[in-house]
Each structure stands twice: as C-alpha cells, then as structure tokens.
There are 2 protein chains.
Amino acid sequence: MAGVSTGTVSNALTGKRPVAEASHQRILTAIAELGYQPNLMARGLANQRSHVLSVVIKELSDLGFYGYSSALTGIQREANRLGYSIMLHFVNSSAEEEIFATLDQIRARRADGIIWAIHEVDGNRDWVRDIRPEDYPPLTFLHMHPDPALSVVAIDNQAGASLAVAHMIEQGARTIGIITGPADWWESQSRLAGWQHALEQANLDTGSSLVVAGDWLAESGQKGLETLLNQRPDLDAVFACNDTMALGAIYTAHRCGLSIPDDLLLVGFDNTPEAESYWPPLTSIHQGLRQSGQIAVDELHQIIESGKNEHISPRQHILQPELIIRRSSMRDKI
Amino acid sequence: MAGVSTGTVSNALTGKRPVAEASHQRILTAIAELGYQPNLMARGLANQRSHVLSVVIKELSDLGFYGYSSALTGIQREANRLGYSIMLHFVNSSAEEEIFATLDQIRARRADGIIWAIHEVDGNRDWVRDIRPEDYPPLTFLHMHPDPALSVVAIDNQAGASLAVAHMIEQGARTIGIITGPADWWESQSRLAGWQHALEQANLDTGSSLVVAGDWLAESGQKGLETLLNQRPDLDAVFACNDTMALGAIYTAHRCGLSIPDDLLLVGFDNTPEAESYWPPLTSIHQGLRQSGQIAVDELHQIIESGKNEHISPRQHILQPELIIRRSSMRDKI
DNA sequence: TTGTATGCGTTATCAA
DNA sequence: TTGATAACGCATACAA
C-alpha cells in the first residue's frame, strides 16, 4: 500500500502531531518524486494566516532610491527569517482614493501585517483615524512621525540634523544655510527643526534667507546653493538634507569656483555609498535604515503572534543617526 | 428577507453571470456596511489562479540600486494595471540551494508567473535546464543573456557600449580604457565586447592594459582609473560600465589634477538622474529599464492568458539603449 | 499512530 | 435569475 491519508501528510509536513518514522520517510520520498509543493493559499485559508507581509512604499521612480531600497533590504531579510513572504505595493499620490484601493487589496489578500513606509506628507496619514482597526491586520509605520497611538519605527531626524550643524559650527562655520526637502514632508520639517535648534544653541543666525527648499533631487541642490549664495554672500556652510542634493550643491560650488571645504563647508544626509566618492568626499548623517526595516518586521511579528486581540500597546522605536565625517566639512585639511 | 446566496454574491462581484438589479444593489450596500472584502486566497484556490507575479531580484544592499529600482517600477505599474499583485523575492548568492528555496516558495504560493531578474553570472542560470517546466509557472528573464529557448527581455548592452566608445572616438580619443563590472557578469562581458568592437572598427588599441575590472561600486571606479593611468600614461578617454564607477573615476581625475574632458573623456552607463549633477556632467548610456520591466509583465501576462498549455514559443525582446551626451565627453566645450 | 469527516471562502455546475 | 451543492487543498477534531 502506497497510500497515506492527507491528514498524515499534513502532520508530517507541519510537525504538529507525531508521525511514524516509516510513514514519514515514505511521504518524503513521494514528495521528492512527485515534485509536490504544499499550496500556501489553501493552507492560509484553513489557518486564517497568510504568512504574507504587505509593504507599502512610494513609487521609486525619480525619488531617491536609496532610502526605500535600504529599508526594503532590512525588511526582506527579517521577513524571510521569520517565514513571511513580502507583497509589495506602490502608492503615488496622497489621494485617499489610491490609498484605500491599496488597503483594500491588502485586506483582500489577507496579509498578516502591513508596513506602511510612505513618507509622511501633511495630512496623508489621516486615513488611519477613519478606519475600523478590526478591519485591518496589524499596522506599523516606518519612517514617520512618532505617534503614541500607533506603532512607529523612525529615525530621529531632528537629532541627526543637529549633529550635522553642530559639527559645522565646531569647525568654525558661522553662517550656515540649509537646503531642505519639500516643505510638507515630515522629514523636511524635522531636519529643519534640527538645523534651527543647533543654531539657536550657538546663538547663530536662523533667518529665512538661510533656508531654501529642494525636492530631494540633485538638480534642486544645484539651484538651492545658487539661491543661498545670492541671498547670503557671507555663507560659509551648508547643510543639505540628503546626499543627492549635496551632490548638486557640490556642482554649483565647482561652477562658481568655490572650494569645499575651504570656502564652504558641506554636510549631507543619508550616507549613501557614493558619498565617499564625491569630490570632495561628503560628510553625512548615517541612518540605520536597514535596521529600522528589520525592527518594523519584528514589531509586526510580535503583534501578530500575540493574537492581536490582547491589544498590545503600540511601541515607538526611535533610532539615533550617526555623523560620518569626511573632507567636505573639515576646515583644516589633514 | 435580507438573504442572498453566496453564489449570487460571487456573480454580482465578478460579473460572470447576470444578476438582478435589485439584488445587486442590496449586495453592494451590504458590502459597504459590513466592510466586506473578498478573500483572494479562497478565490485563488477555487480558480487555480493567484493573480500574483513573483519578482526575483538580487538583494539591493551595496549594489547599485538604480537598475533594480527602475525595473521594479515598470513591473509594478504594469502589473497593477493588469490586476496582479507583486511578490518580491531576494536571492543573494548563486548557490543552487538558495535558488531552489526561492523557487519552492514561489511554487508554494502558486504565483501565476515569475520574473527572474537576477543579474546573470557564469552558470547561475543553469538551474533552468534541470527543472521540469510543467512544475513551474511561466517564467521570463529580465536583463539576461538572450536565449532562443527562453523568454527574455534585455537591453543590448554591447550596442550601448559601442555607442559610448564610438562617440569618444569621434571626439578625438585614441587611447580608450574601460572599467568593467565583475568579469563573470553577463553585462560586463557584453559591454566589454562592445568596447572592443568599436575600437576594432577604428583600428585602435584594445590591449589588456586598457582593461580593468571594477565591482559596480564607486570606489572601484576610483581605483580603476588609478590603475589605468599607471598602466597607460597616454590614456585619453575612459568608458566606465556604470555611472557610479564613473563617479569614482571623476574622483581620481580630480585628485590627480586631470581635467575632464580636457585631459580625459569619460562616458558612463545607466544615465542615473544624478549623472547630470556630476562635475562635470556625465555623458551616459540610457537604458529603458522601466520599459523593460513593463514588457516583461506584458509578456508573462500573455503567456498566462494563453493557457500556457499551447506552448507559445518564447520571445526575445532586445531594447536599444541611447547615448545621452553631456560635458564629460565633449572635447570642444560649448 | 492513523484515517475520516468537516470547515476555511470562493467559484462552478446543475436544477429549479 | 437564483439557490443548493460539490470541488479547490489544506488543517484539525474526533474516532478508530
């Protein structure tokens, strides 16, 4: 008799109930011969558990890829370790229409959890207030404004920006401009606040002529520095809110015959792998993006495993960034 | 009576059979009230169709993110349009162990199709020969060596490289070095062949002292140009096989006091958004990565819809890249 | 230790 | 046009 019942096969595969060694062997060889693969849709249906994590990000095009890519790497590694598959969703606008279309898709797929990693823009997280939590799987927000009512994993952007600016002050800078991201992004606001805080600590100018908004792309860094130089001929340092815009600023400095760091100090944010090959090599703020992705998965996994009925109180994970010093900010060259 | 049978609900939602207007309305309002979402796992189980596409890429960390990110964007857009969800899988090594673990996961999830977008390295696609095709869903290879027996969407890397080199020859270059990617990558080999072809056409030197291998990262571009300059003091142009390594080459040129383009012409590959903010702005080869992702999805969709039993003969899509000229390669400045 | 029966949420078949 | 009923492939409670 080659036959074994389906129940026994199930037990052999999941190991939830003991199976005789003989049967176990027969099942294994049969599986190998037939090229059998368990159907995870059926299993999910029976278990009410899909072992799928939905990750929602903004469309990667145009935008800096580095942030999303790094976070995704951390997410994927940890998810894989814990036995989850990753479903990827893109959202482009802040239109509620699109957001709810995505959420519906996630619900329909019965994902076990959601990592919401859309950069926060004024008001584009309001939908959370409007939904019935019991309709959705556990939800963790990645790289967004901490909120005690929600599960959030984020970088301390303000502290990072302060780190950058304080460092330039220490190097002797007195008139420090900033090229921010779009004004409605939380990250922009947070880094701007950090810049301002560090300057106030040192009693330095924080006037609006020192602030210009970019859009994270290199070209806006070019124009940003142009504008700053026009507004403040006495400018002696710049904090660019990401490395890509810093690259644009370097471009403009070259074009204007200004030497970095001799005439102008420069610090970026992100610490992309390329930053050390800029000319000059760029001082930058390192965020633990991979780590934050990992933490988000762990957090979610914990909530999922807990049964989520016992209403775990949401946790806030705030990671501290780190200053990586390179030549672009060193007044006295080595 | 508020009751309608499940079958009618199914028909109302899928529209596969006519439903009375009255019932239809009642169903719609009930759905809205209850916050009902169809269970796609159950639907998939019944339909033998998951409406999931599995995308397999190499882990993004360290590697240049640009290529994968762009392709992923194209894939996601088209998949979304056609009603597929995207499952993302990472593979790191060429170990068959890891490859088959990934393939097993995909099979277990019953994906409708696979986009295999791991950069090809010597022999790491051999597994295709060992599998029984009937065990797997339709499979399309993205950015790999065309193979008449397989469905492939790729860029013509050789043509792109030739474009780059021919352009520099036209600008007056006579001793043109190349910084390739890792020697075992198909892309590297292909671009190297294009470099060689263009030089032979013009009866120029293709000696091994003009070739140095990088690893796609900026730092290898730095060292690459150093090596080339040591080996060939007469070097007057360089083709870097991606923009990131070109950035490294620019670094070294600056460090050595060489002017690009006055002393050295430089062309990259990828045409990343940052390339135009390098100093000098970088001439580069534009690949239609987003488009190739889209084509891969369309291709797959077509095979899936066809029922795949009628053995569609696999198609090869080869996209032609494009030369984007910027200052780094212009002998006579404007 | 193993087989049998039932349910998971959907679609499809067949009557009504 | 609709309602019952049997798959789909797995897990599980209950018997054996």
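Letters go in sequence order (proteins before strands), and every chain restarts at 1. Worth saying up front: this structure is predicted, and the values here are computed from it rather than measured.
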In this structure, how many angstroms lie between the P atom of D/dT2 and the CD1 atom of B/Ile27, rounded?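 After rounding, the reported distance stands at 8 Å.
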Given atom NE2 of A/His24 and atom P of C/dT2, what is their separation to the nearest angstrom?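 Roughly 11 Å, once rounded to whole Å.
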Go along nucleotides 6-16 of chain C 5' to 3' and tag each nucleotide: B for a protein heavy atom under 4.0 Å from its base, S when only backbone or sugar atoms are that close, - otherwise. -BBBBSBB---
Between A/Asp126 and A/Arg129, does any NZ, NE, NH1 or NH2 come within less than 4.0 Å of an OD or OE carboxylate oxygen?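 Here A/Arg129 does not pair with A/Asp126 in a salt bridge, since their nearest N and O are not under 4.0 Å apart.
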Looking only at heavy atoms, what is the nearest atom pair of B/Ala111 and B/Pro137, with distance?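 In this case the closest contact between B/Ala111 and B/Pro137 is O-CB, 3.4 Å.
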Just so I know, are the side chains of A/Arg315 and A/Ser151 near enough to count as touching, which here means a heavy-atom distance under 4.5 Å? no
Are there more than 12 heavy atoms of other residues, nucleotides or ligands under 6.0 Å from atom CZ of A/Arg49? yes
Would you indicate, yes or no, if D/dT2 has its OP1 or OP2 atom less than 4.0 angstrom from a side-chain nitrogen or oxygen of B/Ser23?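 So the side chain of B/Ser23 is within the cut-off, an N or O lying under 4.0 Å from OP1 or OP2 of D/dT2.
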Check whether NZ of the Lys or CZ of the Arg A/Arg107 lies under 6.0 Å from the centre of the six-membered ring of A/Tyr136 and within 45 degrees of that ring's axis.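 Yes, A/Arg107 and A/Tyr136 form such a contact.
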